[in-house]
Amino acid sequence: MHSETRGVVVPFRATRQTVARRRAIAARAVQTAPVLPCLDPELEAQRNAAWDELLRLTIQAWSWRDPDSVRVLEGALDDVKVETARDWRS
């Protein structure tokens, strides 16, 4: 006969001091967070379109499973890789 291990859940109540400390830490994190650059909506739309096309071509290649579909998918992936690398360098 196997004895089952049973755990005990003990409720943890944060003290007011703990809550205040957590809020102070969160407030400092917000103050020191890096400011993200404004994104160009047109450029973002182009990037999103490239990713959407990559997904569409992935589904097509998965359906057809032929060398031409894979080749087209690889080309789209190469385009996205170049754009992603450029984006992360800036």
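Computed from a predicted model, the values in this text were never measured in an experiment.
Between the CZ atom of Arg89 and the OG1 atom of Thr84 there is a distance of 10.5 Å, given to the nearest 0.5 Å. The distance from atom NZ of Lys81 to atom CG of Leu54, rounded to the nearest 0.5 Å, is 11.0 Å.
Residues forming a salt bridge (Lys or Arg N to Asp or Glu O under 4.0 Å) with Asp52 (at least two apart in sequence, or on another chain): none. Qualifying salt bridge (Lys or Arg N to Asp or Glu O under 4.0 Å) partners for Arg56, counting only residues two or more places apart in sequence or in other chains: Glu53.
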With a cut-off of 3.5 Å and sequence neighbours excluded, list every side-chain donor-acceptor pair involving residues 68-76.
unit_1 : atom_1 : unit_2 : atom_2 : d
Asp68  : OD1    : Arg71  : NH2    : 2.4
Ser69  : OG     : Asp66  : OD1    : 2.4

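For Glu42, the CD atom is loosely surrounded, since the number of other residues' heavy atoms within 6.0 Å does not exceed 12.
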